[in-house]
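Read through the structure below, which is laid out as structure tokens, and then see the notes.
Each chain gets a letter, A, B and so on, in the order the sequences are listed, and its residues count up from 1. Atom set for the values below is all heavy atoms of this structure, side chains included, hydrogens, waters and symmetry mates excluded. Keep in mind that this is a model prediction, so the values were computed, not measured.
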Amino acid sequence: MRTSQFPLNTVKETPSDAEIISHQLTIRAGLVRKLAAGLYNWLPLGVRVLQKAQQIVREEMNDAGALEVLMPVVQPSELWQESGRWEQYGPELARLHDRHGREFCLGPTHEEIITELARNEIKSYKQLPINYYQIQTKFRDEIRPRFGIMRSREFIMKDAYSFHLSDESLQETYDRMFQAYNNIFTRLGLNFRPVLADTGSIGGNASHEFHVLADSGEDAIAFSTESQYAANVEKAEALAPTEQRADANQTLEKVATPNQRSIEEISNFLNVTTAQCLKTLLVKGDDDTVVALLLCGHHSLNDIKAEKLDGVASPLTMASDADISQAAGCDAGYIGPINLGVPMIVDRSAAKMANFICGANENDMHYTGVNWGRDLAEPTRIEDIRQVVEGDASPDGKGTLTIARGIEVGHIFQLGTKYSEAMNASVLNENGKNQIMTMGCYGIGITRVIAAAIEQNHDDKGIIWPPALAPFQIALLPMNMHKSERLKTAAEKLYIELKDAGFDVLFDDRKVRPGFMFSDMELIGIPHRIVLGDRGLDNGMVEYRARTDSDNQDIPLDQVIAHLKAATHQ
RNA sequence: CGGGGUGUAGCGCAGCCUGGUAGCGCAACUGCUUUGGGAGCAGUGGGUCGGGAGUUCGAAUCUCUCCACCCCGACCA
């Protein structure tokens, strides 16, 4: 490709609203342009990268036995009503009407559609298992789209859905997808980790997320220092402390704490650590009741763990101010478990506290020196409801946890029969009886993969594409070609030879200064660069430089192709 | 949804407080010079100052209203 026919649309200035590096570079390099909040146009250069990513995903999915289909973006409400998600899904689901007033939505995901397809097309156990996938645009009306293509409202996703008769068959396909995902992200050249995950709103059993490790990631991942254990902190179990509870050697006292509400304020005011304070959260329970959740002051509630507990409303909802004053007789900030007449769920760590501080259920008052079993009953319900923190014991018993940031680029689930049951997707089994199929689902955010790749691979000059994602492999840069007929002839000849050798070459035939060319090619991250100049031509030499090199290398003109083949492992 | 902020040329911004014929840099276009790390000089084009209403002789500037976009928060016990 020639730059004279393939405009680069690079810009020198960073747009003011781009916060993270991948957002800045996707715009500066001319991959995308913003159309509106969370909506992006993809320019020719960006499309080439998209296609590279899609191709790898396609190849690995096909190799793993999945079959490509294509489903509509616009989906009829009836199917969503059948699965129950028309009501469940909030404002994130963009709904619309056609001219006849019929209701539709823009698909944020395709479980309903694939289940409808499968129940019509699959009649016999002999057709199972089967794994369908598509690469399709999704729309989710995010609360806050941000970071450019990292979290946009419209995005491209590869989603796959498998159908089975048995859990064993589902597990087999799940394992195969797990392997396929490892292959895909490895080929894409990303530093990633599969982690145990929560199944979220889609529901189901086993689940892994694939995270690209980057400081700008929106998810926190807990890793074991000693083992392969890795989990989203939403999911990571906080083990009960192994040490015994300390002796109750302080006396219970009620102290005035005027205007000291938060754990932070209380600990400062009383000159103690936050770990000595007990945090009492009131949340909504079943049918208009209120439940107290008790945590160590330095721990945070994990609402995903909490809302799964019996007696706690899902989604987790904090009690209103009115509920609080009715249940505890005080304002938020002074609630405590002593004489609190609501059911209590105590975190494993909080149950081991001794001589702690808590609210007195009276405004501007706290208790100090509080002890379980003496000043109030021993906890009757102890659960894991907190977020893990750095240094916690790893749930698999090996090592301790460290916490790193990750970008979720893939997610695989065992869905079970949630959709197939609701939508009656069944086949005839070996005994001639109807049997509901069990399902798995497997997603990869294609557009997010590109943002993640840039987050992980860039320098102050621009993008450094992993070879598999680069829009072009080689930049061919003639120096001042318009002034030298000899150079022009040589450059044109080399361009043809490189193309014939099977390389993706970007030939910069613009009449621009050398520095301009260098900067452009570095910004858009082309992995390999060949520079042709009159000086080198006198000696039959060209210059080679990889995007990651700091120096040029002189290569005899007749060995360029061999050199590039070695450099690109072709 | 709550809080904060910003809308002025394609992009980045000044001008607004204190009302009086709309500016700077980059980009674009033309010409000349230049040519191994985002060139120099000269010139040219480009703006419903986010929309609407109001105050005023006169509004980018003051008032009201609507819209768009950005940031933070949605853990307060």
Side-chain angles (χ1 to χ4, degrees), chain A residues 7-20 23-24 27-28 30 33-39 90-92 143-148 257 259-267 274 277-283 290 292-295 297-303 306 315-321 323-325 327-337 340 357-366 385-387 461-462 477-484 487 508 510-524 529 531-536 542-543 545 550 552:
Chain A
L8 292 178
N9 303 313
T10 52
V11 289
K12 227 189 296 187
E13 289 180 72
T14 304
S16 59
D17 56 358
E19 292 257 299
I20 61 171
H23 188 188
Q24 294 170 1
I27 289 169
R28 288 227 294 129
R33 291 286 184 259
K34 186 168 82 168
L35 178 65
L39 302 176
E92 204 173 290
I143 297 179
R144 185 140 88 88
R146 59 182 132 179
F147 302 150
T257 50
N259 282 319
Q260 309 298 312
R261 295 159 187 279
S262 69
I263 292 288
E264 201 67 13
E265 287 166 352
I266 299 289
S267 61
T274 53
C277 301
L278 180 82
K279 191 190 286 196
T280 309
L281 304 170
L282 293 185
V283 300
V290 169
L293 304 179
L294 278 64
L295 293 159
H298 65 304
H299 287 147
S300 299
L301 179 65
N302 180 321
D303 43 3
L316 190 79
T317 315
M318 289 293 165
S320 66
D321 290 345
D323 291 338
I324 290 172
S325 80
C330 63
D331 295 339
Y334 304 100
I335 312 170
L340 183 63
I357 291 156
C358 66
N361 296 322
E362 187 180 331
N363 282 352
D364 300 330
M365 298 300 281
H366 280 78
I385 55 172
R386 72 172 172 92
Q387 208 90 268
K461 290 172 178 157
L477 308 185
M479 302 289 93
N480 303 308
M481 182 169 73
H482 60 282
K483 280 182 23 183
S484 164
L487 186 64
D508 201 342
R510 294 175 296 182
K511 190 180 166 182
V512 295
R513 301 162 67 86
F516 195 92
M517 283 184 184
F518 296 147
S519 300
D520 255 1
M521 295 302 150
E522 280 158 353
L523 176 58
I524 67 175
R529 176 176 99 184
V531 173
L532 268 171
D534 263 317
R535 285 203 304 259
V542 301
E543 288 161 29
R545 182 153 162 181
S550 51
N552 292 329

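Here A:Glu265 pairs with A:Gln260, A:Arg261, A:Ser262 under the side chain to side chain contact (heavy atoms under 4.5 Å, CB included) rule; sequence neighbours left out. Listed by chain and residue number, A:Thr3, A:Leu8, A:Asp508, A:Val512, A:Phe516, A:Asp520, A:Met521 satisfy the side chain to side chain contact (heavy atoms under 4.5 Å, CB included) test with A:Arg510 (two or more places apart in sequence, or in another chain). With sequence neighbours excluded, no residue forms a side chain to side chain donor-acceptor pair (under 3.5 Å) with A:Gln24. Partners of A:Asp331 under the side chain to side chain donor-acceptor pair (under 3.5 Å) rule, at least two apart in sequence or in another chain, are A:Asn363. With sequence neighbours excluded, the residues satisfying side chain to side chain contact (heavy atoms under 4.5 Å, CB included) with A:Glu543 are A:Val531, A:Asn552, A:Asp554. A search for salt bridge (Lys or Arg N to Asp or Glu O under 4.0 Å) contacts involving A:Asp323 returns A:Lys284, not counting sequence neighbours. Legend: residues meeting side chain to side chain contact (heavy atoms under 4.5 Å, CB included) with A:Ile263, ordered by chain and number and at least two apart, are A:Thr274, A:Cys277, A:Lys279. A:Asp364 is linked by a side chain to side chain donor-acceptor pair (under 3.5 Å) to A:Tyr334, counting only residues two or more places apart in sequence or in another chain. Qualifying side chain to side chain donor-acceptor pair (under 3.5 Å) partners for A:Ser267, counting only residues two or more places apart in sequence or in other chains: none.
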Seminar exercise, completed: Counting primed atoms, P, OP1 and OP2 as sugar-phosphate and everything else as base, the B/S/- map of nucleotides 37-43 of chain B against protein heavy atoms under 4.0 Å is BBB----
Seminar exercise, completed: Reading nucleotides 4-13 of chain B from 5' to 3' and marking B where a protein heavy atom lies under 4.0 Å of the base, S where only the sugar-phosphate is that close, and - otherwise, the string is -------BSS
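The distance from atom CZ of A:Arg33 to atom P of B:C69 is 19 Å, rounded to the nearest whole Å. At whole-Å resolution of the value, CE in A:Met479 and C1' in B:U34 are 16 Å apart. Note: CG (A:Leu477) to C1' (B:U35) measures 15 Å, nearest angstrom. One interatomic measurement links the two molecules: CE of A:Met521 to P of B:G36, which rounds to 17 Å at whole-angstrom precision. What separates CD1 of A:Ile27 from C1' of B:C26 is a distance of 17 Å, to the nearest Å. Atom CD1 in A:Ile20 sits roughly 14 Å away from atom P in B:C70 (whole-Å rounding).
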If you restrict it to nitrogen or oxygen atoms, what contacts under 3.5 Å exist between nucleotides 73-77 of chain B and the protein, and what is each distance?
residue: B:C75; atom: N3; partner: A:Leu301; partner atom: N; Å: 3.3
residue: B:C75; atom: N4; partner: A:Leu301; partner atom: N; Å: 3.1
residue: B:C75; atom: N4; partner: A:Leu301; partner atom: O; Å: 2.1
residue: B:A77; atom: OP1; partner: A:Ile263; partner atom: N; Å: 2.9
residue: B:A77; atom: O4'; partner: A:Gly333; partner atom: N; Å: 3.3
residue: B:A77; atom: O2'; partner: A:Gly333; partner atom: N; Å: 3.4
residue: B:A77; atom: O2'; partner: A:Ile335; partner atom: N; Å: 3.4

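Summarising the base pairing, B:C32 is matched to B:G40 through a Watson-Crick or G-U wobble pair whose two defining distances lie under 3.5 Å. Look at B:C24: its Watson-Crick or wobble partner, with both distances under 3.5 angstrom, is B:G12.
Inter-residue side-chain proximity for A:Phe518 and A:Arg529 is flagged as met; some heavy-atom pair is nearer than 4.5 Å. Using a 4.5 Å heavy-atom cutoff, the side chains of A:Asn302 and A:Arg386 are not in contact.
When each of B:U35, B:G36, B:C72 is scored by its nearest atom to the side-chain atoms of A:Glu19, the top-ranked nucleotide is B:C72.
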